[in-house]
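These notes concern the structure reproduced below.
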There are 2 protein chains.
Amino acid sequence: MEAETTSITIHNVAKTAGVSISTVSRVVNNLGRVAPETRKKVENAIRRLDFHPNSRAQALSRKRNDTIGLIVPDFEGQYFAMLMEGAHEEAQANGINIMVLKAKGAESQIDVVKKVNSEGRTDGVILMLSELYDQVLEGIGNINGPLVILDKDVNLWRLDNILVDNRLGAFEAARHFIDVHGITNVFFVGGSEHNVDTTARARGFADALASIKIDANDKKFFGSNYSYDEGYRLAFEKISPLIKPNERYGIVSGNDDIACGIIDALMDKGVKVPQQVGVIGFDDSDIAIHRRLKLTTMRIPTKEIGRIAVRMILNRQSGQVSEPSKVVLKARLIVRDSCGCGKHDSQ
Amino acid sequence: MEAETTSITIHNVAKTAGVSISTVSRVVNNLGRVAPETRKKVENAIRRLDFHPNSRAQALSRKRNDTIGLIVPDFEGQYFAMLMEGAHEEAQANGINIMVLKAKGAESQIDVVKKVNSEGRTDGVILMLSELYDQVLEGIGNINGPLVILDKDVNLWRLDNILVDNRLGAFEAARHFIDVHGITNVFFVGGSEHNVDTTARARGFADALASIKIDANDKKFFGSNYSYDEGYRLAFEKISPLIKPNERYGIVSGNDDIACGIIDALMDKGVKVPQQVGVIGFDDSDIAIHRRLKLTTMRIPTKEIGRIAVRMILNRQSGQVSEPSKVVLKARLIVRDSCGCGKHDSQ
DNA sequence: ATATTTTATAAAAACGTTTTTACAAACAAA
DNA sequence: TTTGTTTGTAAAAACGTTTTTATAAAATAT
């Protein structure tokens, strides 16, 4: 009794059912007309033999993989998880798979996109772009397969593109302090000044102040990155000296990590948060609700981005849509406690 | 001037180089002997035409995809990200890809594993198992492709298996309070009593107490899940009444979320943490360092799990290893501040 | 010089599908 | 009856590789 290693193929089914392989194929794929009794014979054979079409042969013949490549710079933080969630949901609903790839630098991104595309390993690619995106887009050139660019505006390149309106998000965060809390002493604390997200958010912040005729120039602070420690440092060193006893303040943060650092630094300095100083984060990451003072924050619709990205690839693939499209999504204010809206009993 | 859509194949290369396709194949794959000048001709043609072997055709012919399936119940939390990190690292180093799949219930897991395997979409599968794992393993039966089971002990089933020694981890956490801090008033706060991780950790905790002749029965507390809020509730309602003014205590938590909830609840009750009550978490998730009081916690080597899982599949595939192996990894104590070891100046 | 072995390459078969083409049988129209 | 349509199915070609088999040329031995 030898181990049976060869899997059963369409030929076996055809033979068992007493028909040709093309008939089996037509039954499996619901193509063309098949006489009812023939269909039944084939279906019985399929069931009896437990036949599953070989996806590799299908891929070669159909010239597609039913697989989409998702290229991200890293797997850290919550962004990737949410993106994956959305992408997988839409993909699964359409019977296709997600291949996850990692590419960080410009060169690496170019390589991965080209490789995966030229080898036909995926039917389309979702690329989360790094900072140096002109360089990357130039390098990618005009690849033939569907390609969706996330998070960076690639206006000039006529590519499918999904963006978040960071400017508007920060604008609304600042306006929340102004409109709801009546606070006009607002600061912005971002990540690196070279980060496009930070600059867009800083712009929205400035726009909000401009809308009430206040100049934002001396109210923006930048760090070297998006970390808790950097937020702590900036608040400890730069912000806390500006806090006067009987004034109320609002701080718009570049992300939630920074916001948490800011809050802790101010508390350590004896400043009442959120009573005297309100803080609004950005991203609505996990940590926003894993603290005593729940973070008010701008939620990025990351899951939606993933979903739309897959949809775009599918549309492009089906040939229905021929023009590249750009989707701009809004961040949404999630009101919790750190802005001063909610409860803030103890300390 | 028509749009050139057909990609260039090995035939084009053969024709351009003036050789047969088999020669091109041998050059591409470094197989057999090829005369130096022939090789050069072929290599030139490849470069001139920018030829990339079609992975779909390769897959069909080689009967493999260079793709491993990673099946997880969800993409939440940090576990998935770290697993992905490790798996991708090892995969990339070996020129293979990761396809991410999601399957939550037992039925879904069975379906996905069987489907992906029978269709030949992956060369092997890494499965993060759900609670009902006997049912799943029974359903999967003896599939032919490589399969690695994560996190649950599948001793009876003779499958490749990677585990974390949760018992030992909790044992060491409890011993840290006993040995380093001289605290014997220790509690355990876990997730659901039906969760195998929780029960294993509770067992380790009890073993540690048994090692100093203390009965742990009235020192273990269980919640309905692994959440911050549940930790807060349990500490607020069950633990805090047990805290006597002049005694010191230690709490071993089922995970970091629970630990954070515990800390905040005790602080809200006016208990000094970590001065009077030390807390040790489990998992070393993001939130451990995104709080003022940095969490001491047992780090699960998740990245390592991902890496080893891929390696196991590769080994199995190459046929070198024929016997299923079980790898048990240790959790490691990451000492920070919440146990009482580090700094704890303010409040 | 002829026979034998080695080396380098070409030709053909295989991988398991889908898709196109061809062809009977059944039916309808003339 | 002949001719022309459908209709259902079979046969063959295609997808682009790898791998096996065959063969000519070169190198070595006799």
Side-chain angles (χ1 to χ4, degrees), chain A residues 5-43 45-46 49-67 95 115 117-123 144, chain B residues 5-43 45-46 49-67 95 115 117-123 144:
Chain A
T5 49
T6 52
S7 49
I8 61 107
T9 74
I10 198 173
H11 288 93
N12 303 319
V13 176
K15 198 169 177 185
T16 305
V19 299
S20 73
I21 60 166
S22 42
T23 299
V24 178
S25 177
R26 265 158 31 233
V27 169
V28 169
N29 298 302
N30 274 320
L31 294 174
R33 259 177 295 276
V34 179
E37 48 184 330
T38 311
R39 157 161 282 130
K40 192 152 285 173
K41 279 194 297 182
V42 173
E43 281 168 346
I46 288 176
L49 299 176
D50 191 31
F51 166 69
H52 296 265
N54 181 308
S55 70
R56 298 191 275 248
Q58 286 185 322
L60 178 59
S61 188
R62 292 170 167 170
K63 296 171 189 286
R64 66 186 156 87
N65 266 337
D66 296 328
T67 299
K115 180 164 193 293
N117 191 262
S118 62
E119 289 177 348
R121 207 171 278 281
T122 61
D123 305 333
N144 44 8
Chain B
T5 49
T6 51
S7 50
I8 61 108
T9 74
I10 199 174
H11 287 93
N12 302 318
V13 176
K15 199 169 176 187
T16 305
V19 300
S20 74
I21 61 165
S22 44
T23 300
V24 178
S25 176
R26 265 162 27 236
V27 169
V28 169
N29 298 303
N30 275 319
L31 294 174
R33 259 178 296 277
V34 179
E37 48 184 329
T38 311
R39 158 162 280 129
K40 192 153 285 174
K41 278 194 298 181
V42 173
E43 282 169 345
I46 288 176
L49 300 176
D50 192 30
F51 166 69
H52 295 266
N54 181 309
S55 71
R56 298 190 277 248
Q58 285 184 323
L60 177 59
S61 187
R62 294 171 167 169
K63 294 171 189 287
R64 64 184 156 92
N65 266 336
D66 296 327
T67 299
K115 181 167 193 290
N117 192 262
S118 62
E119 289 177 347
R121 208 170 277 282
T122 61
D123 304 333
N144 43 8

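Residue numbers start from 1 in every chain, and the chains themselves are labelled A, B, ... in the order their sequence lines are given, proteins ahead of strands. Not measured: the values here are computed from a predicted model.
- Of the listed nucleotides (D/dT18, C/dT9, C/dT17), D/dT18 has the atom at the smallest distance from the side chain of B/Ser25.
- Between the two ends of the helix from C/dA1-D/dT30 to C/dA30-D/dT1, each summarised by a five-pair axis, the helix axis turns through 60° (rounded to 10 degrees).
- Relative to the side chain of B/Ser61, the nucleotides D/dG16, D/dA10, C/dG16 differ in distance, and D/dG16 lies closest.
- Taking atom NE2 on B/His11 and atom P on D/dT17, their separation rounds to 8 Å, with Å as the unit.
- Residue B/Phe51 places its side chain closer to D/dT17 than to any other of D/dG8, C/dT17, D/dT17.
- Proximity note for A/Lys63 (side chain, C-beta onward) versus D/dG16, C/dT17, C/dA8: the nearest is D/dG16.
- With hydrogens and angles left out, the side chain of B/Ser22 and the base of C/dA11 share a donor-acceptor pair within 3.5 Å.
- B/Asn29 has its CG atom 10 Å from the P atom of D/dT17, to the nearest Å.
- Rounded to the nearest 0.5 Å, atoms OG (A/Ser118) and NE2 (B/His52) are 4.0 Å apart.
- Within the 4.5 Å cutoff, side-chain heavy atoms of B/Arg39 are placed close to those of B/Asn30.
- A/Arg33 places its CZ atom 13 Å from the C1' atom of D/dT9, with the value rounded to the nearest Å.
- Set against D/dT19, D/dA10, D/dA14, the side chain of B/Leu31 has D/dT19 as its closest nucleotide.
- If you take CD1 of A/Ile10 and P of C/dT19, they are 11 Å apart, rounded to a whole angstrom.
- Distances shown here put a side-chain N or O of B/Gln58 below 4.0 Å from the OP1 or OP2 atom of D/dT18.
- B/Val28 comes within contact range of no nucleotide atom at all, as no heavy-atom separation falls under 4.0 Å.
- For the pair B/Ile8 CD1 and D/dT17 C1', the interatomic distance rounds to 13 Å; values are reported in whole Å.
- Taking atom CD of B/Glu119 as the reference point, atom P of C/dC15 lies 20 Å away to the nearest angstrom.
- Residues A/Thr9 and A/Asn54 have side chains not in contact (no heavy-atom distance under 4.5 Å, counting atoms from C-beta outward).
- A heavy-atom distance below 4.5 Å is not found between the side chains of B/Asp50 and B/Ile8.
- Each of A/Arg26 and A/Ile21 has a nearest nucleotide on DNA chain D; the 5'-most of these lies closest to A/Arg26.
- Taking atom CG of B/Asp66 as the reference point, atom P of D/dT17 lies 15 Å away to the nearest angstrom.
- With a 4.5 Å cut-off on side-chain heavy atoms, A/Ser20 and A/Val24 do not count as touching.
- If you take CG of A/Asn54 and P of C/dC15, they are 11 Å apart, rounded to a whole angstrom.
- Considering only side-chain atoms of A/Leu60, the nucleotide from C/dG16, D/dT9, C/dA10 that sits closest is C/dG16.
- Ionic pairing of B/Lys41 and B/Glu37 is not present here: no N-O contact between side-chain nitrogen and carboxylate oxygen is shorter than 4.0 angstrom.
- Rounding to the nearest 0.5 Å gives a distance of 8.0 Å between NZ of B/Lys15 and CG of B/Asn12.
- With a 4.5 Å cut-off on side-chain heavy atoms, B/Ser25 and B/Leu31 do not count as touching.
- Within 4.0 Å (heavy atoms only), B/Gly18 reaches sugar-phosphate atoms of the nucleic acid but no base atom.
- Here the side chain of B/Thr9 is nearest to one of C/dT18, D/dT17, C/dT9, namely D/dT17.
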